[in-house]
Student: 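Pasting a structure here, questions to come.
Reminder, nothing fancy here: chain letters follow the sequence lines and each chain counts from 1.
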Amino acid sequence: MADGYTKTVPEMTFGNLWLITKEECILKVRTRFAPSPTGFMHIGNLRTALYAYLFARKENGTFILRIEDTDRTRYVEGATEVIKNTLKEAGLHWDEGPDVGGDYAPYVQSERMAIYKKYADELVNNGHAYRCFCSDSDKGDEANFAEKGCPCRDIDADEAAKRAAAGESYAIRQKMPRVGETTYHDVLHGNITIENRELEDQILLKSDGMPTYNFANVIDDHLMDVTHIIRGEEFITSTPKHVLLYDAFGWDKPVFIHLAPVMGKNADGSTAKLSKRHGATGFSDLTALGYLPTAIVNYVALLGWNPKNTNEEIFSLDDLTRLFSLEGLSKSPAVFDYDKLGWVNGEYFKRMTDAEFAAVARPFAGDLPPNVAANWTNLAALLKTRLTHLAQIPVEIDFLLKMPAFDAALYENKRNKINPAAAEEILPPVIEVLGAVEAEKWQNDVLYAKLNEHIAAVGQKKGAVMWAVRIAVAGKSVTPGGATELLAILGKDEAILRLRRSLDSLKAGTYGTA
RNA sequence: GGCGCGUUGGUCAAGUGGUUAAGACACCGCCCUUUCACGGCGGCUACAUGGGUUCAAAUCCCAUACGCGUCACCA
């Protein structure tokens, strides 16, 4: 046990209430995120990591990253990098783990083989585990095997040792008690009890020498002095096995916190654990669509957790750290909602300066013609309040890159009392007025003022003129920005050209300028 | 199937025996307005069901239903 650290006593917690003892006052919280490197950072995993991170930070504790790569058959090249990069992008910096090291290194399980072997042997020696020489064919009927248990459990210890010494391949199984029950306490779910006979003699050490998750996580969590295990609910029923292991070694148990899963909504309205078929579910999928890491973290934090005493929903990582508490965790599943994510993301856009937004949005706009590129910051400012994610930009601005063909019916608008015929009257003088504006003064405020002057002079309806101009120049009914804003973005030459062509089409009755 | 966990509006959720059952997203309407959006105002919709306990239950207990998880030499 490391210095300055005292174990918690899970038995002394009731519900979500903690009885604080003197020892606990000096408890140094240590949490870990222990992903398996699959090459993909699922949003549910990110949330688990986030909660573990927040809790550690909130308690001035330590956040550990541990890579659980004990399944060789699942090894994916570069997968660890994906995990590390995601954590970095999300701002979840780990105090101990790969790259940064720490007093409990190594933090990659495949580098800790000797450790698991040693502890597995200890268990074999004290009778809490045994060698299993079964091959797949020996297991015969799976159901029967599961019911009767592994026959190796009854092999004489000396004989088993001899067979092992003779070079026979074996795995090590945990010897479960066949009677009684095992109870542990979960912060969210209270006491959870499982009959011991429900527990099978699980493999601790595979025949390739690698530990299974159920063994390695116990050994490592103990050796690394992890105080709070925050992980998914799928481990709720296997935790009694872990508890039995802690007991077999005579170790104190950490505090368990099992999180409800993140769900996705199916086409038929039902829900299922969030997976690829629900769309973008990986952190990188989301960022590729133009959701900001800060917004993703913000939204994901709220999926299964809620701060006390506030209705605010936009939180920075620092805010979350300050507000986080285990009591705010929800024990029921939460459905991932793209609408809400989009709203949160949009809130972040709105809080950025125009320049900041223009910078992050630029890569999503693709190649821009010179006239539009020159006005990018202004265009971005128009886009800022209209997006839920950056990938929407191309369709939002497509008409600026290429004037679309459009139907004259677009000039039709009842509220503004405008129709194609009226547009044909309105446009000519407008083109003249705009043509007189010097290129250097071709800016929104100037154009707006000029147009207003003209409107006042001829006594037309402002909405009608603006509508006609906007349609003539955009060829689209819904645009980011109004008439003069679009004129400004297009630049004088292109704007005038478009107005003329649209007017010509109107006159010719051909409508539209392809 | 056994065991376990869960269940407040379409979604996220507040709520810890006595409330007109918050708030947010989405949706709808109105206002603002050079379109859309932003912003402002308003509306819609919820305690899974059935039994208890209690003067009083979304809150406590028990069933039922439904959902999810787990029963691997995967994590």
Side-chain angles (χ1 to χ4, degrees), chain A residues 15-16 34-38 68-71 73-74 132 134-136 139 142 146 169-173 186 188-189 192-195 197-200 202-214 216-217 231-240 258 260-261 263 265 269-273 299 302-306 308-314 328 330-344 346 350 382-387 396 410 413 415-416 448 451-452 455 461-471 474 476-486:
Chain A
N16 289 341
S36 179
T38 61
E68 309 226 333
D69 59 345
T70 56
D71 186 355
T73 62
R74 280 212 204 169
C132 167
C134 295
S135 63
D136 285 344
K139 290 174 75 174
E142 290 282 344
S169 170
Y170 66 90
I172 292 179
R173 285 184 188 273
D186 180 286
L188 257 55
H189 302 282
I192 291 174
T193 301
I194 305 259
E195 299 280 340
R197 67 177 126 83
E198 296 290 333
L199 275 21
E200 86 163 55
Q202 63 174 347
I203 299 282
L204 263 22
L205 213 61
K206 305 178 218 174
S207 52
D208 67 359
M210 280 288 190
T212 56
Y213 167 83
N214 288 315
N217 99 83
R231 83 221 312 182
E233 199 175 68
E234 62 269 29
F235 296 111
I236 241 177
T237 48
S238 54
T239 299
H258 288 102
M263 312 294 281
K265 182 165 253 165
S270 62
T271 58
K273 201 166 175 178
Y299 174 66
L302 262 19
L303 263 186
W305 173 80
N306 232 286
K308 299 295 177 190
N309 309 314
T310 176
N311 275 331
E312 181 59 37
E313 299 196 274
I314 302 302
S330 169
K331 54 184 173 179
S332 50
V335 177
F336 190 90
D337 180 9
Y338 290 92
D339 281 334
K340 185 87 180 231
L341 202 218
W343 174 76
V344 171
K350 286 171 209 159
L382 296 180
L383 257 13
K384 204 170 73 169
T385 60
R386 291 162 225 261
L387 303 176
E396 284 289 322
L410 282 188
N413 184 273
R415 203 182 118 225
N416 288 311
Y448 188 67
L451 240 31
N452 266 334
I455 288 163
K461 193 175 180 332
K462 183 160 143 190
V465 175
M466 292 300 189
W467 183 277
V469 171
R470 192 174 60 83
I471 296 302
K476 214 176 168 184
S477 64
V478 176
T479 55
T484 60
E485 286 164 324
L486 297 183

Student: Does A:Arg415 put a side-chain nitrogen or oxygen below 4.0 Å from OP1 or OP2 of B:rU33?
Tutor: no
Student: Does A:Glu312 reach the main-chain N or O of A:Ile314 with its side chain, forming a donor-acceptor pair under 3.5 Å?
Tutor: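 A pair under 3.5 Å: yes.
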Student: Strictly distance-based, threshold 3.5 Å: is any side-chain N or O of A:His189 a donor or acceptor partner for the main-chain N or O of A:His258?
Tutor: yes
Student: Under 3.5 Å, is there a donor on one side chain and an acceptor on the other for A:Arg470 and A:Thr479?
Tutor: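 Side-chain D/A pair, A:Arg470 to A:Thr479: present.
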Student: Any donor-acceptor pair, under 3.5 Å, between the side chain of A:Arg470 and the base of B:rU34, if you only look at N and O atoms?
Tutor: no
Student: How many Å lie between NZ on A:Lys206 and P on B:rC74, as a whole number?
Tutor: 4 Å
Student: Restricting to non-hydrogen atoms, name the atom on A:Pro240 and the atom on A:Leu199 that form the minimum distance, rounded to 0.1 Å.
Tutor: CB-CD2, 4.3 Å
Student: B:rC3 and B:rU64: how far apart are their P atoms, nearest whole angstrom?
Tutor: 11 Å
Student: Measure OH/A:Tyr299 against C1'/B:rA24 and give the value in whole Å, please.
Tutor: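 Taking OH of A:Tyr299 and C1' of B:rA24, I get 11 Å after rounding.
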Student: Working note: A:Lys331 + A:Glu233, criterion side chain to side chain contact (heavy atoms under 4.5 Å, CB included); need CA distance, chi angles, decisive distance, verdict.
Tutor: CA-CA 9 Å; A:Lys331 54 184 173 179; A:Glu233 199 175 68; 5.9 Å; no
Student: What closest approach, in Å, do A:Ser330 and A:Leu188 show between heavy atoms, and which atom pair accounts for it?
Tutor: O-CD2, 3.8 Å
Student: Which comes earlier along RNA chain B counting from the 5' end, the contact point of A:Thr73 or that of A:Asn413, where each point is its nearest nucleotide?
Tutor: A:Asn413
Student: At what distance, to the nearest 0.5 angstrom, does OG of A:Ser36 lie from CG of A:Asp69?
Tutor: 7.5 Å
Student: Provide a list of protein-nucleic acid N or O atom pairs under 3.5 angstrom, restricted to nucleotides 61-70 of chain B.
Tutor:
| residue | atom | partner | partner atom | Å |
| --- | --- | --- | --- | --- |
| B:rU70 | O4' | A:Thr237 | OG1 | 3.4 |

Student: Between A:Lys331 and B:rG6, is there a contact of a side-chain N or O with OP1 or OP2 at under 4.0 Å?
Tutor: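 Checking B:rG6 against A:Lys331, a side-chain N or O does come within under 4.0 Å of OP1 or OP2.
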Student: Once you apply the 3.5 Å cut-off to both distances, tell me the Watson-Crick or G-U wobble partner of B:rU53, or none.
Tutor: none
Student: Within the 4.5 Å heavy-atom criterion, are A:Tyr448 and A:Met466 side-chain neighbours or not?
Tutor: yes
Student: Could you check which nucleotide pairs with B:rA37 in any of the strands shown, counting Watson-Crick or G-U wobble with both distances under 3.5 Å?
Tutor: none
Student: Looking for any heavy atom pair under 4.0 Å, which part of the strands does A:Thr38 touch: base, sugar-phosphate only, or nothing?
Tutor: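 Touches nothing.
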Student: What nucleotide among B:rA75, B:rC12, B:rC36 has an atom nearest to a side-chain atom of A:Ser36?
Tutor: B:rA75
Student: Figure out the CG/P separation between A:Asn416 and B:rU34, and round it to whole Å.
Tutor: 9 Å
Student: Should A:Tyr448 be listed as having a side-chain N or O under 4.0 Å from OP1 or OP2 of B:rU34?
Tutor: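 Yes, within the criterion.
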Student: Find the distance A:His189:NE2 to B:rC3:P and express it as a whole number of Å.
Tutor: 19 Å
Student: Which atoms of nucleotides 37-48 of chain B (N or O only) lie under 3.5 Å from a protein N or O atom, and what are those distances?
Tutor:
| residue | atom | partner | partner atom | Å |
| --- | --- | --- | --- | --- |
| B:rA37 | O2' | A:Thr385 | O | 2.4 |

Student: Nearest 0.5 Å please: distance from the CG atom of A:Asn214 over to the OG1 atom of A:Thr239.
Tutor: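 Atom-to-atom, A:Asn214:CG and A:Thr239:OG1 are 8.5 Å apart.
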Student: Using both distances under 3.5 Å as the test, list the Watson-Crick or G-U wobble partner of B:rC3, or none.
Tutor: B:rG69
Student: Test for a donor-acceptor pair under 3.5 Å between the base of B:rA14 and the side chain of A:Lys308, counting only N and O atoms.
Tutor: no
Student: Distance check, C1' atoms only: B:rA21 and B:rC62, in whole angstrom units.
Tutor: 25 Å
Student: Please work out if A:Thr70 contacts a base, only the sugar-phosphate, or nothing of the nucleic acid, heavy-atom cut-off 4.0 Å.
Tutor: sugar-phosphate
Student: Considering only the P atoms, how many Å lie between B:rC55 and B:rG40, rounded to the nearest integer?
Tutor: 48 Å
Student: Across the strands shown, which category fits A:Ala483 at heavy-atom distances under 4.0 angstrom: base, sugar-phosphate, nothing?
Tutor: base
Student: Distance check needed: B:rA72 C1' versus A:Ile203 CD1, whole Å only.
Tutor: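 Going from CD1 in A:Ile203 over to C1' in B:rA72 covers 9 Å.
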Student: Select one nucleotide: of B:rA75, B:rA14, B:rC3, the one nearest the side-chain heavy atoms of A:Glu68.
Tutor: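 In terms of side-chain proximity for A:Glu68, the closest of B:rA75, B:rA14, B:rC3 is B:rA75.
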Student: From CD of A:Glu195 over to P of B:rC5, roughly how many Å is that when rounded to an integer?
Tutor: 12 Å
Student: I'd like the C1' distance from B:rU59 over to B:rC74, given in whole Å.
Tutor: 40 Å
Student: Can you check the distance between B:rA24 and B:rA13, where both ends of the measurement are the C1' atom (answer in whole Å)?
Tutor: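 Per the computed distance, 8 Å lies between those C1' atoms.
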Student: For B:rA57 versus B:rG52, give the span between their P atoms, rounded off to a whole number of Å.
Tutor: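 To the nearest whole Å, 12 Å.
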Student: Find the distance A:Asn306:CG to B:rU11:P and express it as a whole number of Å.
Tutor: 16 Å
Student: Rounding to a whole Å, what distance do you find between A:Asn309:CG and B:rG15:C1'?
Tutor: 12 Å
Student: Is it true that a side-chain atom of A:Tyr299 and a backbone atom of A:Phe336 form a donor plus acceptor pair closer than 3.5 Å?
Tutor: no
Student: Quick check: do A:Thr70 and A:Thr212 have side-chain heavy atoms less than 4.5 Å from each other?
Tutor: no
Student: Give none if B:rU64 has no partner; otherwise give the nucleotide forming a Watson-Crick or G-U wobble pair with it, both distances under 3.5 Å.
Tutor: B:rA48
Student: Is a side-chain donor or acceptor of A:Arg231 paired with a backbone partner of A:Ile236 at a separation under 3.5 angstrom?
Tutor: no
Student: Say we look at B:rA72 and B:rG15: how far apart would their C1' atoms be, to the nearest angstrom?
Tutor: 42 Å
Student: Could you tell me whether A:Lys384 contacts a base, only the sugar-phosphate backbone, or nothing, with contacts defined as non-hydrogen atoms closer than 4.0 Å?
Tutor: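 Since no nucleic acid heavy atom lies under 4.0 Å of A:Lys384, the category is nothing.
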Student: Would you indicate which nucleotide in B:rA13, B:rU35, B:rC25 comes nearest to any side-chain atom of A:Trp467?
Tutor: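 In terms of side-chain proximity for A:Trp467, the closest of B:rA13, B:rU35, B:rC25 is B:rU35.
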Student: Could you tell me if the side chain of A:Lys206 sits less than 4.5 Å from the side chain of A:Asp71, heavy atoms only?
Tutor: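 Result yes, sub-4.5 Å side-chain heavy-atom pair found.
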Student: Determine the Euclidean distance between corresponding P atoms of B:rU45 and B:rU33; express it in Å to zero decimal places.
Tutor: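 It works out to 32 Å between them.
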Student: For B:rG10, which nucleotide is its Watson-Crick or G-U wobble mate, given both distances must be under 3.5 Å?
Tutor: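 Base-paired to B:rC25.
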Student: When all nucleic acid strands are considered with a 4.0 Å heavy-atom cut-off, which category describes A:Gly232: base, sugar-phosphate, or nothing?
Tutor: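 It contacts nothing in the nucleic acid.
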Student: How would you label the contact of A:Ser207 with the nucleic acid (heavy atoms, under 4.0 Å): base, sugar-phosphate, or nothing?
Tutor: base
Student: Look at the side-chain N and O atoms of A:His258 and state whether any lies under 4.0 Å from the OP1 or OP2 oxygen of B:rC5.
Tutor: no
Student: Nearest of B:rU7, B:rA24, B:rA13 to any side-chain atom of A:Glu313?
Tutor: B:rA24
Student: By nearest heavy atom, map A:Thr484 and A:Asn311 onto RNA chain B; which one lands nearer the 5' end?
Tutor: A:Asn311
